[in-house]
Each structure stands twice: as C-alpha cells, then as structure tokens.
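Starting from 1, each residue takes its place in the sequence as its number. Because only heavy atoms are used, hydrogens play no part in the values below, and waters and symmetry mates are left out as well, while side chains stay in.
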Amino acid sequence: MQAPSVGGVMLPRGGGEVIRLSRGASLTDFAEKIGANPASLVAVMMNLGEMVTATQSVSDDTLQMLGDEMNYTVQIVSPEEEDRELLESFDIEFGEDEGGEEALVSRPPVVTVMGHVDHGKTRLLDAIRKTNVVAGEAGGITQHIGAYQVGTEVNGEERRITFIDTPGHEAFTAMRARGAKSTDIAILVVAANDGVMPQTIEALNHAKAAGVPIVVAVNKIDVEGADPTKVRGQLTEFGLVAEEYGGDTMFVDISAKQGLHIDSLLEAVVLTADASLDLRANPDQDAQGIAIESHLDRGRGAVSTVLVQRGTLRIGDTVVVGDAYGRVRAMLDDKGNNVEEATPSTPVLVLGLTNVPGAGDNLLVVDEDRTARQIAEKRAARERNAAFAKRVRRVSLEDLDKVLKAGLVQELNLIIKGDASGAVEALEASLLQLDVGEEVDIRVLHRGVGAVTESDIDLAMGSDAIVIGYNVRAAGRAAQMAEREGVDVRYYSVIYQAIEEIEAALKGLLKPEYEEVELGTAEIREVFRSSKLGNIAGVLIRSGEVKRNTKARLVRDGKVIAEDLTIHGLRRFKDDVTEIREGFEGGINLGNFNDIKIDDVIATYEMREKPRA
C-alpha cells in the first residue's frame, strides 16, 4: 500500500510490522528492509529535523523515530543476539554443551573477589596463592585482571578453585553486560574494623544483579576494634543472613595478613558451590570460553588471559576471540609454565592472536583460519558501526544555529591508552558515568591497548583531545610531537586518580554559577533634596555594611519597589566614604533613581561565583 507523500516523496507506509536492525544501522539498511529508496528516507529525516546521510551509522533513537514516522516497529538487535546470529550463519552454537548428561564432567568453581577498597581483596588473593602481588602495585590497588587456580582439601578430597582478580566492579559488570557469565561465586570481603562501606554495598548489588551465590570473608579480625558480629548484623539489612543466624550465607572470619582461616574460606566456597550450583561441562568438544584480560607484550605480541568454560583448548587450535583471531602458538598457566591443553574452568595465557581482544569477549575454536578471520572481521565492522552511531550528536534543524555558536554545548574529548584491555574499558566506563550537568559532555574518541603513538597525538591535535596514558607512556617520537604541538598527555597508574582529575577538568568547563550574597541593609530616616544630585537618603545601617558601587534594591512595606540599583554615592557627614558599617548613619545617593521615602529599606548585595560540588 502506498503511503501519503512525506515531504513530497511517496513511500511505502508500514502497518506496524516489526523491522529488526542492528546497532549502528544506516538509512540504507532501513530502506532495504522496507523496499524503499534510501534518498527518500533522507528527505523524511530532514522533515523530522534530522540531517542524516544515507550511509551514515545512526543512533538507536533515530531509527526508532524513523520507524514511528513510517508506522513500523523497530527492534534493535542486542549485541548478544547479533553475535548469536553471526555464529549461526557459520553453523556454530556458542554457550551450550554438546552431548547429553553422560558427557558432562564436574568442573572447578570460578570465583571473583569483590569489596571496598583497602578492605584486603589483594592481600586475600596474595594469601591464597602464596605470592606477593601487592608489592608491585601502585597505591595497593589491583590494576590488572589475572586468573589463578588453587587447590584445597574438602572432606578428604582434593578440590580446585579458579579465582578471577578484577580491577573493580566495572570490569566485572562489563563482562556481564556482554552476556559472558564468567563467575560462579562471589567472595565479598568486608573489614571487621570498618564494617559495611559504600563500595561494599556496590559490590553486593553487582553480585546480586549477576545472580551468583555470595560467601562473605570478614577480614582483619586481628586488628584493634574488629567486630565480626557487627558485620553480620549490617549485612543482614542487605539480605545476607549468616548460617548461624538461620540464613543460607556462609560467613568466614579471616586475617589475610596473618593467613588465618584461609582454608576455611576455600572450604566454604566449595561447599556453597556444591549446595547451590551444578558445575559441570563437556571437556571433549571444541573449546569455548571468555577473555578475562588482554594486553600487548613487547616480545610476544597480543596475549590474552582466557577462561575455558567448556571443551578443551589445545596448542594449534584456530581460535577467534571477539574481533581477534589466530592459531594458539603457546599457552601458559598462572605460574608461567607452558601447558599443552586447558580443560573447563582453567585459566591460561594464550599467545598467537592478531590483535588485543576486549574483556568479556567470547572465545571459540573453529575449523579453519578463513572462518576465524571472517567472524573476526564481521564483529569488528559491527562494533565500528555501533561506535560511529554513538559518536553522532543528534542536531535538529531548529537548534543547529544554537549548537554551532560556541559555548552552548561543550565537550571534553579524550583518547585513552592503557596496558590492558580490561583496565582501559573499566576506566572508560567510569569516565562516561561522570555527571556534571547537561552543559558539558565527555566523549571518548579512541581507546586502545599499548603505548601512546604518533597517530594518537595526530588525532588529539585534530580534535583538541586530552590523551590519557594508563600504565603506559608515549612511544618514540610521540612524546616530542606532543610537546611540540602542545597536546596534553596525562599519565596515571591509579584508576581513581584519573577519574578524579577528569571530573575536575569537566567541572572546569562548566560555566560559572553565581549566587546572591547580601552585604547590608540601610533604613531611610530622612530624605534630602539636592538640585545637583537628586534625592539623597539619610540612613541608619541596620545590618552588615553598605559599600559604594554595589548593587541594591529598594524595599517598601516588605515589597520590592526597584531592582538593579547602584550605590553611586556614600557620605558620612561631609566626607565621601567607600563603606559605612552597621550602627552608623550616613547618606546614600542612588543615582537617577529618586522615588525614595522615609522607612524604605535599601538592601545591598553582590553576585559571587558559587563553587561546584
């Protein structure tokens, strides 16, 4: 059925049909779905006040708006659905074990340690794996994601547990947001002397949202002022009831520093896994898993810590991890030893990838190198389109002129480079969540793993961007180029410091806010007429002080009679003065304003810049 013309263009009007489009789709993609000419959709968008080219990646909101205008229901395909459909086109099923129940074998639980900063997360992992991680870290904050496997004896049986160490809840959430369910159990670390803190609650909410069982490690029981019972009481308010109180959450009192009761904590993890989870996988199929962390190694190239979730990963397998692919050249375990294969729940460092995948990207083994390359390239193109759509600022015809005028909308452009993909993603996510009002936006133009390069400086020059180097430095001539061109490159080794400084920079871009501060009030006791100066008020200063050249308003019987007046003249007896204090008398001249009466009140004030919170 032909629709009435839109802007003089005849278009097929929908009847509410559902159109599925991927993130970052263009008007050409939309036109193909409904059998229309892309140029006509450009005309429709102009009628709607949007200037969009036919091949430009547009935001989800723009696609929805066009769908509403054309009477189609637009469904934006989620990243998980896009990936599933992509893999199905290659006859690959991801996320399911092959074979029946008889093919499944028990696997170790995968554990993430979470909690408030300085409550002992790293010290606990240090105690568990008997190696010193804290010594090499800046500010005692873990900046990399690693994965480690340890053994413990439970009821006379040797059991293994895999630990994932994240740089914060952001990376944990980033993995979950992609549908990559990597963690089976969360250990919530709470210091017995501090109790529940804001980040403790945040970590607890992340774990609850992920739907994973929680084991609470009450740390620092050897510290003065430690009160483990208080911690149990506080967490009861958040739905974590200890077993001794009739609940189902295991609490273990530990001292990571002294190494007290670490075995009891590991036993609690195993018992919680046995009681509430069915942890089994098929080790005989092609390997599937998730990238925990990735970085560029000077001697080895792109390396990625991956957690095998099902199947067995072997040297020589062709793998695709996110938009990276390659043949597994070598695998290292958490102690740095070469291994030939990795079974379910085993973390290994994989060498041989073409580039650095992101935290949470899924890993799968495919039959041919060509298939791996095609999947990786399609994923990269899809992510690129989605990124372009995010970057496009929607500008309507009505406010185009306003936006072009400098100062109405301001941006802080950033380029983020780091040593590991998980940390870079965590930093980007934290920065994009900063909220300092609608006047200023933060925009990440580019992020990547590795040193700051000349191309990064080039991009920064062309877009007035600030370059953030996180645990990396400018390489080669990039540092000289940045200094020569005046590009601001900032180096950080602690995530929180970077966030605080960027937030301060954002607040610096905001237009100053002013507030009115009352200086003093004067009551008019007499009115003197002067042929030269007009009416002069004989006053008594009731409060504060009245200064010459300050702003004033006239109040009569509680009502404001005149605003925006100025104290032009100020006299004490026959002398001109700059100010008169409370309790003294004097004369005030308000310039050309002469409508003053006895008992009126002159209130003086000034506008002061208000510091932003």
Side-chain angles (χ1 to χ4, degrees), residues 117 122 133 135-146 165-168 170-171 174 291-305 324 353 355-359 387 391 411-434 440-509:
V117 66
T122 302
V133 174
E137 290 176 356
I141 298 173
T142 310
Q143 304 296 356
H144 294 281
I145 299 175
D165 184 14
T166 71
E170 295 91 349
I292 301 297
E293 177 56 305
S294 311
H295 64 276
L296 276 174
D297 187 281
R298 185 181 289 275
R300 298 166 175 166
V303 295
S304 181
T305 303
L353 298 176
N355 57 295
V356 181
R391 284 184 199 165
E411 282 183 333
L412 180 64
N413 292 326
L414 296 178
I415 295 168
I416 304 175
K417 296 299 287 288
D419 61 338
S421 58
V424 171
E425 289 188 20
L427 179 55
E428 181 189 22
S430 299
L431 292 175
L432 291 176
Q433 286 169 8
L434 291 177
V440 179
D441 288 339
I442 191 165
R443 188 176 175 207
V444 177
L445 300 178
H446 172 64
R447 63 174 165 84
V449 175
V452 177
T453 63
E454 290 178 60
S455 63
D456 295 325
I457 304 301
D458 271 333
L459 178 58
M461 284 163 50
S463 52
D464 292 328
I466 293 173
V467 181
I468 294 177
Y470 179 67
N471 278 341
V472 296
R473 288 290 185 270
R477 291 180 297 178
Q480 298 168 3
M481 185 178 174
E483 191 172 343
R484 185 175 68 247
E485 301 295 342
V487 172
D488 189 4
V489 183
R490 293 170 179 257
Y491 301 113
Y492 300 98
S493 56
V494 178
I495 280 182
Y496 305 116
Q497 185 186 356
I499 295 167
E500 285 171 7
E501 286 201 13
I502 297 302
E503 185 173 19
L506 275 172
K507 287 178 177 174
L509 282 178

Flag the pair V444 / L431 as yes when at least one side-chain heavy-atom distance between them is below 4.5 Å, and no otherwise.
no
Can you name the nearest heavy-atom pair linking [X] to [Y], along with the distance?
{"X": "V424", "Y": "G448", "answer": "CG2-O, 3.8 Å"}
{"X": "A465", "Y": "V487", "answer": "O-CG1, 4.3 Å"}
{"X": "I457", "Y": "M481", "answer": "CG2-CG, 3.9 Å"}
{"X": "A482", "Y": "V489", "answer": "CB-CG2, 3.8 Å"}
{"X": "V449", "Y": "D419", "answer": "CG1-O, 3.7 Å"}

For the atom pair [atom1] ([X]) and [atom2] ([Y]), what is the distance rounded to the nearest 0.5 Å?
{"X": "D456", "Y": "L445", "atom1": "CG", "atom2": "CG", "result": "11.0 Å"}
{"X": "E500", "Y": "S430", "atom1": "CD", "atom2": "OG", "result": "11.5 Å"}
{"X": "M461", "Y": "E485", "atom1": "CE", "atom2": "CD", "result": "4.0 Å"}
{"X": "I468", "Y": "Y492", "atom1": "CD1", "atom2": "OH", "result": "6.0 Å"}
{"X": "T453", "Y": "D458", "atom1": "OG1", "atom2": "CG", "result": "8.5 Å"}
{"X": "L296", "Y": "N355", "atom1": "CG", "atom2": "CG", "result": "9.0 Å"}

Only one of K417, R447, R443 forms a salt bridge (charged side-chain N to carboxylate O under 4.0 Å, His left out) with E428, so which one is it?
R447
Using atom types as modelled and distance alone, determine if a side-chain donor or acceptor of E293 lies under 3.5 Å from a backbone N or O of S421.
yes
Hey, is the main chain of P357 close enough, under 3.5 Å, to the side chain of S294 for a donor-acceptor pair?
yes
Taking atom CD of Q497 as the centre, report whether more than 12 heavy atoms of other residues, nucleotides or ligands fall under 6.0 Å from it.
yes
Sequence-distant partners of D488, side chain to side chain donor-acceptor pair (under 3.5 Å), two or more places apart
R490
